[in-house]
Amino acid sequence: MTLEITTAGRVRTLTLARPDALNAFNEALYDATTEALLQAAADPEVAVVVLTGTGRAFSAGTDLKEMQARVTATDFTPGRHGFLGLIDALAAFPKPLICAVNGLGIGIGATILGYADLAFMSATARLMCPFTSLGVAPEAASSYLLPQLVGRQNAAWLLMSSEWITAQQALEMGLVWKVCEPEDLMPQALRHAEILAARPLASLMAVKQAITAPTLPDVAAARERENAFFAELMGAGANAEALAAFTSTP
């Protein structure tokens, strides 16, 4: 099992569950998470979704072994939805989405916060956007969403530096809403989810649509730009070297 799904009242919790791989997204996890979001969107009994991870990571991003297999066209089987399908589901998700960052968040494990309506983060967690260290471009419309969320200079540092940021730094720049002690992370996230879930679903969805609708054309345009840069850079030069170094490490 790559994804654990639990429901309490009108709150559905999705827990990324590949702890041995630091919850890195392989095709199976991309597909499972996408399907879970689509099902939650369509279920009238679900008002709020909480996304978190198990173990010491929130998510280590895209599974680099699968990225290497995609580049070399060996032993790679695309999923039904894949990365792009997950981003489609996140962009279109019509209900409140809460992220509870329990540990390391790398790549999509950090950029997914651009789609969160509320984000909580463990005080011991850290985030990194490793795109320049991998020789690739940004992803998931982060080149648009992060400047909107944290300002241009904070976004530039996140997307260009490939450096870690702490929970306190994430809070100060506005990337997350609240920082909690590790044992208090899920209680806090779920308490706030329950407050929202007690409100009328039609009203929650109207607020969400009113907030997100103006951004959707810009999100789509950013994704197109990023995908073009990604296609150009993936498998070439610095990216090939980075993936080869990763996959050759015991």
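Predicted model only: the values in this text are computed from it and were never measured.
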Problem set entry | Within-4.5 Å side-chain heavy-atom neighbours: Ser142 and Glu226 | yes
For this session: Begin with the C-alpha distance, continue with both residues' side-chain angles, and end with the deciding distance and a verdict on side-chain contact (heavy atoms from CB on, under 4.5 Å) for Leu90 and Thr34.
Result: CA-CA 8 Å; Leu90 288 166; Thr34 302; over 6 Å; no
Exercise. Just by distance, with hydrogens left out, do Gln148 and Thr215 show a side-chain donor and acceptor under 3.5 Å apart?
Worked result: no
Exercise. Nearest 0.5 Å, what's the CD-OG distance between Glu183 and Ser122?
Worked result: 8.5 Å
Exercise. Do Thr62 and Tyr30 have a side chain donor and acceptor closer than 3.5 Å?
Worked result: yes
Problem set entry | Nearest atoms (heavy-atom pairs only) where Ile108 meets Gly61 | CG2-CA, 3.6 Å
Problem set entry | Straight-line distance of Glu172 CD to Thr166 OG1, nearest 0.5 Å | 7.0 Å
Exercise. Can you name the nearest heavy-atom pair linking Gly53 to Asn23, along with the distance?
Worked result: CA-ND2, 3.8 Å
Exercise. Any sub-3.5 Å donor-acceptor pair from Ser59's side-chain atoms to Gly109's backbone N or O?
Worked result: no
Exercise. To the nearest 0.5 Å, how far apart are CD1 in Ile165 and CG in Leu158?
Worked result: 4.5 Å
Exercise. Same cluster or not: are Ile5 and Leu29 linked, directly or through other Ile, Leu, Val, Met, Phe, Trp or Tyr residues, by side-chain heavy atoms under 4.5 angstrom apart?
Worked result: yes
Problem set entry | Flag side-chain contact, heavy atom, 4.5 Å: Tyr144 against Val219 | yes
Exercise. Within a reach of under 6.0 Å around CD of Glu4, are more than 12 heavy atoms found that belong to other residues, nucleotides or ligands?
Worked result: yes
For this session: Go through Arg18 and Asn26 one step at a time and tell me if the side-chain contact (heavy atoms from CB on, under 4.5 Å) criterion holds.
Result: CA-CA 9 Å; Arg18 295 186 71 212; Asn26 58 6; 3.3 Å; yes
Exercise. What is the ring orientation for His192 with Trp177, classed by angle as parallel under 30°, tilted 30 to 60°, or perpendicular over 60°?
Worked result: perpendicular
Problem set entry | Donor-acceptor contact present, side-chain Tyr115 to main-chain Ala140, <3.5 Å | yes
Problem set entry | Crowding at CZ, Phe93 (>12 non-hydrogen neighbours, <6.0 Å) | yes
Exercise. Is the side chain of Asn154 donor-acceptor paired with the backbone N or O of Pro147 at a distance under 3.5 Å, no angle test?
Worked result: no
Problem set entry | Residues Arg80 and Glu27 bridged, charged N to O under 4.0 Å | no
Exercise. Can you check whether Trp164 reaches Ile106 side chain to side chain, under 4.5 Å on heavy atoms?
Worked result: yes
Exercise. When hydrophobic residues are tied together by side-chain contacts of less than 4.5 Å, even through go-betweens, does Leu185 share a cluster with Leu175?
Worked result: no
Seminar exercise, completed: Closest heavy-atom pair, Ala47 versus Leu201, reported as atoms and distance to 0.1 Å, is CA-CD1, 3.9 Å
Exercise. Which atom pair, heavy atoms only, marks the closest approach of Val150 to Gly174?
Worked result: CG1-C, 3.9 Å
Exercise. Could you give the distance from CG (Leu190) to OG1 (Thr13), rounded to the nearest 0.5 Å?
Worked result: 5.0 Å
Problem set entry | Test item: Val49 and Leu14 side chains (from C-beta on) under 4.5 Å apart, heavy atoms | yes
Exercise. If you group Ile, Leu, Val, Met, Phe, Trp and Tyr by side-chain heavy-atom gaps below 4.5 Å, do Phe25 and Phe131 land in one group?
Worked result: yes
Exercise. What distance separates Leu149 CG from Leu113 CG, expressed to the nearest 0.5 Å?
Worked result: 8.0 Å
Problem set entry | Between Thr15 and Thr52, a side-chain donor and acceptor under 3.5 Å | no
Exercise. Hey, are the side chains of Leu146 and Met173 touching, using non-hydrogen atoms and a 4.5 Å cut-off?
Worked result: no
Exercise. Side chains of Thr54 and Leu16: does their closest heavy-atom pair fall under 4.5 Å?
Worked result: no
Exercise. Under 4.5 Å between any side-chain heavy atoms of Leu104 and Arg56, yes or no?
Worked result: yes
Exercise. Where do Thr132 and Ser161 come nearest, in terms of heavy atoms and distance?
Worked result: OG1-C, 4.0 Å
For this session: Applying side-chain contact (heavy atoms from CB on, under 4.5 Å), run through Leu51 and Phe58 and close with a yes or a no.
Result: CA-CA 9 Å; Leu51 179 66; Phe58 178 50; 4.3 Å; yes
Problem set entry | Taking every non-hydrogen atom, the tightest pair across Leu3 and Ala36 | CD2-CB, 3.7 Å
Problem set entry | pair Leu196-Val11: side-chain heavy atoms closer than 4.5 Å | no
Exercise. Can you tell me how far CD of Gln188 sits from CD of Glu181, rounded to the nearest 0.5 angstrom?
Worked result: 11.0 Å
Exercise. Would you call Asp184-Lys178 a salt bridge at under 4.0 Å N-O?
Worked result: no
Exercise. Would you call Arg12-Asp43 a salt bridge at under 4.0 Å N-O?
Worked result: yes
Exercise. Side-chain heavy atoms under 4.5 angstrom apart, residues restricted to Ile, Leu, Val, Met, Phe, Trp, Tyr: same cluster for Leu86 and Val46?
Worked result: yes
Problem set entry | Evaluation steps, side-chain contact (heavy atoms from CB on, under 4.5 Å), between Met121 and Leu127 | CA-CA 10 Å; Met121 188 169 174; Leu127 299 171; 3.5 Å; yes
Exercise. For the hydrophobic clusters of this structure (ILVMFWY residues joined by side-chain heavy atoms under 4.5 Å, transitively), does one cluster hold both Phe83 and Phe229?
Worked result: no
